[in-house]
Amino acid sequence: MAKFEISRRKFLTGASLGASGIMLSGCDAFDSQLSIGSGLRSFLENANGLTYRAQRLLAGRDALAPEFTEADIRQPQRPNGVTAPDDDVYKGLLANNFADWRLEVSGLVEKPLSLSREQLMNMPSRTQITRHDCVEGWSCIAKWTGTPLSLVLDQAVVKPQARYVMFHCLDTIDRSLSGDIKYYGTIDLIDARHPQTILAYGLNGKPLPVENGAPLRARVERQLGYKMPKFLYKIELVDGFANVGGGRGGYWEDNGYDWYGGI
């Protein structure tokens, strides 16, 4: 992703990102540029938590996102963010059509896994036609096919103390003198086990293209697009994320976005 695009997105964090309409996303910018103290930061973070609880209460933990028909697919799925990773590891995997790629499942699990794409495709699958809502203001309806994340978690046997699923990605989202930053994100186990949360390897009846996150991306249909990481290579079960990145559960969250990007 180009630097100007990252800067533009950071500017957008001053706007409301969720259905709540509460302006939460600019916390980092406000704090660093205006020297707003910990009191206001704490208030905004508490408001984010209130939004999360309110959405769960109103929608219910098992409520489904709307699904559509083939006739509603009017255009290809619009790519966003990094669309062609230039990382050497990713390029090597792509050159071999991801034959050597594996999805690692680790952390707070009884049975760590290393799954090939073929193994994932041989598991029971789910196909759903849903609308992708981007924080930038556009939406797109597409048909996604993949393995329900809940099946992978069941196979790994999640430990009782686990609270979140952390997605680790192959794409470099930012570069600095201190090193490359790979995209990552988290969801809680309620959304991880939701029936529409899948590890997608297919898009509109074809293999998932590179520009949309091949070989594997998350689909978390009740949340905004930045909560659906692409180019996955590892899933980690954790009890918290305070010591990862900026401590807020994801790359964009570290830059001011809401952790729970519910819709």
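These figures come from a predicted structure and were not determined experimentally.
Hydrophobic clustering, with ILVMFWY side chains joined whenever heavy atoms are under 4.5 angstrom apart, keeps Leu208 apart from Val220. Clustering ILVMFWY residues whenever any of their side-chain heavy atoms sit less than 4.5 angstrom apart, transitively, puts Leu64 in a cluster other than the one holding Ile263. Both Leu115 and Leu153 are members of a single hydrophobic cluster when ILVMFWY side chains are connected at heavy-atom separations under 4.5 Å. Grouping the Ile, Leu, Val, Met, Phe, Trp and Tyr side chains by contacts below 4.5 angstrom, directly or via other members, places Leu203 apart from Ile129. The hydrophobic clustering, which links ILVMFWY residues whose side-chain heavy atoms are closer than 4.5 Å, places Met123 and Leu199 together.
Taking 4.5 Å as the limit, some side-chain heavy atom of Leu237 sits within range of a side-chain heavy atom of Val165. The shortest distance between side-chain heavy atoms of Leu224 and Asp258 does not fall below 4.5 Å. Within the 4.5 Å cutoff, the side chain of Val152 has heavy atoms near those of the Leu120 side chain. Counting heavy atoms from C-beta outward, Pro66 and Arg131 have side chains that stay 4.5 Å or more apart. Contact check for Val210 versus Tyr90: side-chain heavy atoms found under the 4.5 Å cut-off. In this structure the side chain of Ile187 reaches within 4.5 angstrom of the side chain of Phe167, judged on heavy atoms. Using a 4.5 Å heavy-atom threshold, the side chains of Tyr226 and Tyr183 count as touching. Side-chain contact check for Ile141 versus Arg74: every heavy-atom pair is 4.5 Å or farther apart.
Taking 4.0 Å as the cut-off between side-chain N and carboxylate O, Arg163 and Asp239 do not count as a salt-bridged pair.
Between Thr186 and Gly249, the shortest heavy-atom distance links the atoms OG1-O, 2.7 Å. Listed here is the closest heavy atom pair of Ile173 and Val82: CD1-CG2, 4.1 Å. When every heavy atom of Leu149 is checked against every heavy atom of Ala192, the shortest pair comes out as CB-O, 3.6 Å. Pairing each heavy atom of Ser114 with each of Glu104, the nearest pair is OG-OE2, 3.0 Å. Between Ser125 and Tyr201, the shortest heavy-atom distance links the atoms CB-OH, 3.4 Å.
Surrounding CG of Asp86 are more than 12 heavy atoms belonging to other residues, nucleotides or ligands, all under 6.0 Å away. Within a 6.0 Å radius of CD in Gln161, other residues, nucleotides and ligands contribute more than 12 heavy atoms.
Gln196 contributes atom CD, which lies 14.0 Å from atom CH2 of Trp144 (distance to the nearest 0.5 angstrom). Here the straight-line distance linking atom CG of Leu216 with atom CG of Leu232 works out to 5.0 Å at 0.5 Å rounding. Put simply, CG on Asp188 and CZ on Arg193 are 11.5 Å apart, with the number rounded to the nearest 0.5 Å. Atom CE in Met166 sits 10.5 Å away from atom OG in Ser106 (nearest 0.5 Å). For the atom pair CG of Leu113 and CD1 of Ile235, the computed distance is 9.5 Å after rounding to the nearest 0.5 Å. Here the OG-CZ distance, from Ser116 to Arg102, works out to 5.0 Å after rounding to the nearest 0.5 Å.
Ring planes of His132 and Trp138: parallel class, angle under 30° (limits at 30 and 60°). The aromatic rings of Trp259 and Tyr164 sit perpendicular, their planes meeting at an angle over 60°, well past the 30° parallel limit.
A donor-acceptor contact shorter than 3.5 Å is absent between the side chain of Asn204 and the backbone of Pro76. Remark: the backbone N or O of Gly92 is not paired with any side-chain donor or acceptor of Asn96 at under 3.5 angstrom. Arg217 places a side-chain N or O within 3.5 Å of a backbone atom of Asn212 that can act as its donor or acceptor partner. Checked by atom type and distance alone, the side chain of Thr145 never pairs as donor or acceptor with a backbone atom of Gly202 at under 3.5 Å. Lys159 places no side-chain N or O within donor-acceptor distance of the main-chain N or O of Val238, the cut-off being under 3.5 Å.
Inspection of the Thr197 and Asp191 side chains reveals no N or O donor paired with an N or O acceptor under 3.5 Å. Checking Thr130 against Glu67 by side-chain atom types alone, no donor-acceptor pair falls below 3.5 Å.
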Test side chain to side chain contact (heavy atoms under 4.5 Å, CB included) on Lys143 and Glu70 and set out the steps. CA-CA 8 Å; Lys143 180 169 70 173; Glu70 297 268 2; 2.8 Å; yes

Step by step, work out the side chain to side chain contact (heavy atoms under 4.5 Å, CB included) result for Arg222 and Lys227. CA-CA 10 Å; Arg222 300 193 302 176; Lys227 298 297 294 186; over 6 Å; no

Hey, mind stepping through Tyr184 and Asp254 against side chain to side chain contact (heavy atoms under 4.5 Å, CB included) and telling me if it holds? CA-CA 10 Å; Tyr184 82 101; Asp254 290 343; 2.9 Å; yes

Working note: Lys230 + Met228, criterion side chain to side chain contact (heavy atoms under 4.5 Å, CB included); need CA distance, chi angles, decisive distance, verdict. CA-CA 7 Å; Lys230 303 178 293 184; Met228 307 188 205; over 6 Å; no

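For the side chain to side chain contact (heavy atoms under 4.5 Å, CB included) with Tyr233, the lone residue among Leu170, Leu93, Val89 that qualifies is Leu170.
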